4 protein chains.
Amino acid sequence: MKDRDSRRSDIMDCAKELFALKGYHNTSINDIIAKAQIARGTFYLYFDSKRSVFFEIIDSAVEQILSGLRPVKTGPNIGMDSILSQLRINLSHAMSPMFNDIYLAKLVSSQAESLDTGATEKVTAFYRNIIDWLEESLDEGQELSIVRPLNSRITAVALVGMLKGIIWSYAIGGEMLDFHELVEELTANVTRGIMVKE
Amino acid sequence: MKDRDSRRSDIMDCAKELFALKGYHNTSINDIIAKAQIARGTFYLYFDSKRSVFFEIIDSAVEQILSGLRPVKTGPNIGMDSILSQLRINLSHAMSPMFNDIYLAKLVSSQAESLDTGATEKVTAFYRNIIDWLEESLDEGQELSIVRPLNSRITAVALVGMLKGIIWSYAIGGEMLDFHELVEELTANVTRGIMVKE
Amino acid sequence: MKDRDSRRSDIMDCAKELFALKGYHNTSINDIIAKAQIARGTFYLYFDSKRSVFFEIIDSAVEQILSGLRPVKTGPNIGMDSILSQLRINLSHAMSPMFNDIYLAKLVSSQAESLDTGATEKVTAFYRNIIDWLEESLDEGQELSIVRPLNSRITAVALVGMLKGIIWSYAIGGEMLDFHELVEELTANVTRGIMVKE
Amino acid sequence: MKDRDSRRSDIMDCAKELFALKGYHNTSINDIIAKAQIARGTFYLYFDSKRSVFFEIIDSAVEQILSGLRPVKTGPNIGMDSILSQLRINLSHAMSPMFNDIYLAKLVSSQAESLDTGATEKVTAFYRNIIDWLEESLDEGQELSIVRPLNSRITAVALVGMLKGIIWSYAIGGEMLDFHELVEELTANVTRGIMVKE
DNA sequence: GATGAATGAGCTTTCATTCAT
DNA sequence: AATGAATGAAAGCTCATTCAT
């Protein structure tokens, strides 16, 4: 059982790297088995199809990303600083898998939606989940008078887009950003905006 | 010449819609000619290859998007309101092609990077251009003390990601947003942030 | 009628050159009409098909080659010198069309048999005619004790092959041979062989 | 390894026969796999392309033909009979592959130059090699006073043409010649010519 | 007569998947 | 469990020919 699992993840890792670098359609089973150094038939002992490895990779990425998120505790007794700090932590947790694994970053930022309707919906659902959660958080924040009056849907969508943009930039450019600085900048932009105080 | 051009755009429109809905790789020449109601050979009378229609579609989208952008006039004599107004106009111009053509939105937000290295680079270059331009603008804004001290690269990347996120959301969800409200919200979020004033 | 014929031969000339240089299958109707500067449909006003131009070209070449041949007059009163001289003249006449038109040479020596069974048989029949005629001549020569005892079929085949080889060499190499010398050499080789007299 | 090789030659044999009978361009992959009773993909497991089977067939034919040739030993001590005998042996070796395999004969005599420039040059080079070698031999023969004064280039070209003619005749007609008689006749024609001794 | 846009049968090639060993 | 030879559906593309103008 141990062996089987480790071979499975070998194959998944190889596939992930290839999908990330060349894209789903430009990666053939040939490429995968060559990189994983297994026989053609062996691949199909571990996975039903090319499609299914891809799905598993995406699923595991989603899980990894979501696993670090914790609900933000708010309430009359919770100060602004605590809330900001919780946001920073969530932000770090959500993004670090991608910054620790550039193939994951590449995959998430450019290949995830290129397979077919089923795959697109999977990814869409993932992002929608995050957006919905964020929207609710923003609504809650408005009730608590932490967040200014705004269209929370638009803002949630924009914020998730922002994060995707950051990941994309990292995936494409490979420029290693100072993660701490990145989180600070994003938090500051989101909370205060970019203009000087009037 | 009239006829030839209209045939061409017919084919391009059909291809665009299919690429947008099913993705580049899941759209076959068969699909395109069936939708355009032309014969196999006719397609190749107007385009060199499947790849080349795709490229033309992308190129024309990029041109459409960029064509509405005007440099933001700044300077000691230019007030904040004028600058914000110029930004709003640019924002509207850049985004309206996508909101007027949901297939374009779908294409731009999810299919553009799935073809191959050449195509990816084309799209990457497009976004980088915008990001670079935005970065410079932010730097300029800082010098003029309009923009607060910040990491202009990260911010530029985040802002472009925000826009992509908005487009993506529209493309996926199809929910028609009030365009005017959208622009207002984005501008407000970017300039003021989401928090209540302290 | 005059115009029609001249356009016909224009097209044939263009086609001949292209077939000679690129081969039948690598020459497209496109190539032919581009070279002849006519429209696609016009081609089909003058010829039924690509195949049929090719056939006409071959037919006309065959006719050109055969038209110069005259039966060799032999008999008790005809001396060896006269016979040799008649052979030289026939040889010159048969070969000169090819040496005057290198495209014809190329066509005859390398493209003639590449079309299909029908075309192959046409060309085969042509060569067989010549071989048959030569065989009979050799038989006659043997009866008249001009030609030594030999297998006239094999010899006829070999002699025609020799001529084809010469044409081929010219077509491929383009080296212009002194036609007179060529005829002399061939005649000498055939009549006397290549060895020194013992 | 055994199996793989035999599959390969099966396919090559089928392809050779089809190319010989119908020509390169009139033979489709369909034809080949139907004859070889394999699936479409199987063909490409063994060969890169249709073109490449053709090239392998030609290459192997050339090798087969050349492999039997041995340099003719000449010199003051070597008598005419020995030289003639060496020539006969070379002639037999060069021609026997074709007489043992009529498809090879057909291929060599009529299809070899119909593919494209690359293929034509391959075949041209092969013939030129033989011609060059023959030319040098004739020059050497002249120096040794075995061969009479003659234009060795023209003669070499003519001799090779003669052989091609013989092969062609066999390929087309299929008439089985007595190989021994054939060699004798050719040798006699070349050495003595066809005329009675004066 | 002349045109050239349109046609579609047919081509070579790819590659995810199967299955006998 | 592991292998890799075999499969065949389906892809992109070409080009000789037709026919409305």
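Just so it is clear: chains get the letters A, B, ... in the order the sequence lines come, proteins before strands, and each one is counted from 1. Since the structure is predicted, the reported quantities are computational estimates derived from the model, not experimental observations.
With rounding to whole Å, D:Asp31 atom CG is found 12 Å from E:dG10 atom C1'. Rounded to whole Å, the distance from CG on A:Asp10 to C1' on F:dA2 is 15 Å. One atom, NZ of A:Lys50, and another, C1' of E:dC15, lie 8 Å apart when rounded to the nearest Å. Remark: C1' of E:dT13 and CZ of D:Phe47 are 16 Å apart, rounded to the nearest angstrom. Going from atom CD1 of B:Ile29 over to atom C1' of E:dT13 covers 16 Å, rounded to whole Å. Rounded to whole Å, the distance from NE2 on D:His25 to C1' on E:dG10 is 15 Å. Nucleotide E:dT18 holds its C1' atom 13 Å from the CG atom of A:Asp48, rounded to whole Å. Atom CD1 in B:Ile38 sits roughly 20 Å away from atom P in E:dG4 (whole-Å rounding).
When both pairing distances are held under 3.5 Å, E:dT13 makes a Watson-Crick or G-U pair with F:dA10. In this structure, F:dA1 makes no Watson-Crick or G-U wobble pair, since no nucleotide meets both defining distances under 3.5 angstrom.
In the set E:dT13, F:dG12, F:dT3, F:dT3 carries the atom at the smallest distance from any side-chain atom of A:Arg7. Proximity note for D:Thr42 (side chain, C-beta onward) versus E:dA5, F:dA6, F:dT17: the nearest is F:dA6. The side chain of A:Ala39 sits closest to F:dT3 out of F:dT3, E:dA16, E:dG8.
Note on D:Tyr44: every side-chain N or O is 4.0 Å or more away from OP1 and OP2 of E:dT14.
B:Thr27 comes within 4.0 angstrom of sugar-phosphate atoms only, judged by non-hydrogen atoms across all strands, and of no base. Using a 4.0 Å heavy-atom cutoff across all strands shown, D:Tyr46 reaches sugar-phosphate atoms only and no base atom. Within the 4.0 angstrom heavy-atom criterion, base atoms lie near A:Leu45.
Side-chain N or O atoms of D:Tyr103 include none that pairs as donor or acceptor with a backbone N or O of D:Phe19 at under 3.5 Å.
B:Ile32 and B:Ala15 make their closest contact through CD1-CB, 4.1 Å (heavy atoms, listed as atom of the first residue, atom of the second, distance).
Between D:Ile29 and D:Tyr44, the closest side-chain pair of non-hydrogen atoms falls below 4.5 Å.
Positionally, the nearest nucleotide of DNA chain E for C:Gln37 lies more toward the 5' end than for the other of D:Phe43 and C:Gln37. Comparing B:Ser49 and C:Gly41 against DNA chain F, the residue whose closest nucleotide sits nearer the 5' end is B:Ser49.
Annotation: cation-pi geometry not satisfied between C:Lys122 and C:Phe55 (NZ/CZ under 6.0 angstrom from ring centroid, within 45° of ring axis).
Atom CD1 in B:Ile11 sits 7.5 Å away from atom OG1 in B:Thr42 (nearest 0.5 Å).
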